[in-house]
Amino acid sequence: MKIAIASDHGGFELKNKIYKYLSDNNYTVEDFGTYNDESCDYPIYAKKVAKLVQEGNFERGILICGTGLGMQITANRFKKVRAVCVSDCYSAKMSRLHNNSNILTLGQRVIGFGLALDIVQTWLDTKFEGERHQKRIDMIDV
Ligand code: RB5
């Protein structure tokens, strides 16, 4: 599974921690910035990753900003992207089982690093259930 990851300055530290965690655990992960903690604009990074996921170059994306919200709002403008801003493991799991989420957004100012890594692992481990849920996903894009 290829994973694209990016953040703005508000998510920079958590992005680096997740990138290291995924690399250490043998995931294929590519970092699309930002590469320092200077103030920058989250839509630039959300658009990069959302486009890569939309076009099928990466199966999953992870986007981090201060709250996870700006990243989620921006990524969901892209058809075929189902971005979820999650702060607990149950929602991470359900967003995969029922919604086949393909982008996870996190808020560095909202959750701790330990919980963030548990959410990421849960989200990566959980498979989409398909069937009736696929029918509903097909109804999202008009
Ligand atoms: C940056 O201060 C902050 O607005 C951004 O990281 C994010 O939380 C936006 O949704």
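As a basis for the values below, the full set of heavy atoms in this structure was taken, side chains included, without hydrogen atoms, waters or symmetry mates. The shown structure was predicted, so the numbers you read here are calculated from the model rather than taken from an experiment. Atoms within a ligand are numbered from 1 in the order they appear, just like the ligands themselves.
- Atom 6 (O) of ligand 1 has as its closest protein heavy atom Asp8 OD2, 2.6 Å.
- Considering only heavy atoms from C-beta on, His98 stays 4.5 Å or farther from Phe128 through its side chain.
- Taken to the nearest 0.5 Å, the CG atom of Leu104 stands 9.0 Å off from the CD1 atom of Ile5.
- Atoms of ligand 1 lying under 4.0 Å from any heavy atom of Gly66, numbered from 1 in the order shown and given with element: 5 (C), 6 (O), 7 (C), 8 (O).
- The atoms of ligand 1 that sit less than 4.0 Å from any heavy atom of His9 are 1 (C), 2 (O).
- Ring geometry for Phe32 against Phe58 counts as perpendicular: the plane angle is over 60°, on a 0 to 90° scale with 30° as the lower cut.
- Some N or O of Thr67 is nearer than 3.5 Å to an N or O of ligand 1, by distance alone.
- Summarising the contacts of atom 7 (C) of ligand 1 with Cys65, Gly10, Cys85, Gly68, the nearest heavy atom is found in Cys65.
- Note that CG of Leu69 and OG1 of Thr105 are 7.0 Å apart. Values are rounded to the nearest 0.5 Å.
- Taking a distance limit of 4.0 Å, we find that atom 2 (O) of ligand 1 is approached by some protein heavy atom.
- Among all non-hydrogen protein atoms, the one lying nearest atom 10 (O) of ligand 1 is Gly70 N, 2.9 Å.
- Side-chain contact between Ile3 and Thr28 is absent, with no heavy-atom pair separated by less than 4.5 Å.
- Here the options are Glu129, Glu131, Lys135, the test is side-chain contact (heavy atoms from CB on, under 4.5 Å), and the partner is His133; only Glu129 passes.
- Residue contact check for ligand 1: Arg109 places a non-hydrogen atom closer than 4.0 Å to it.
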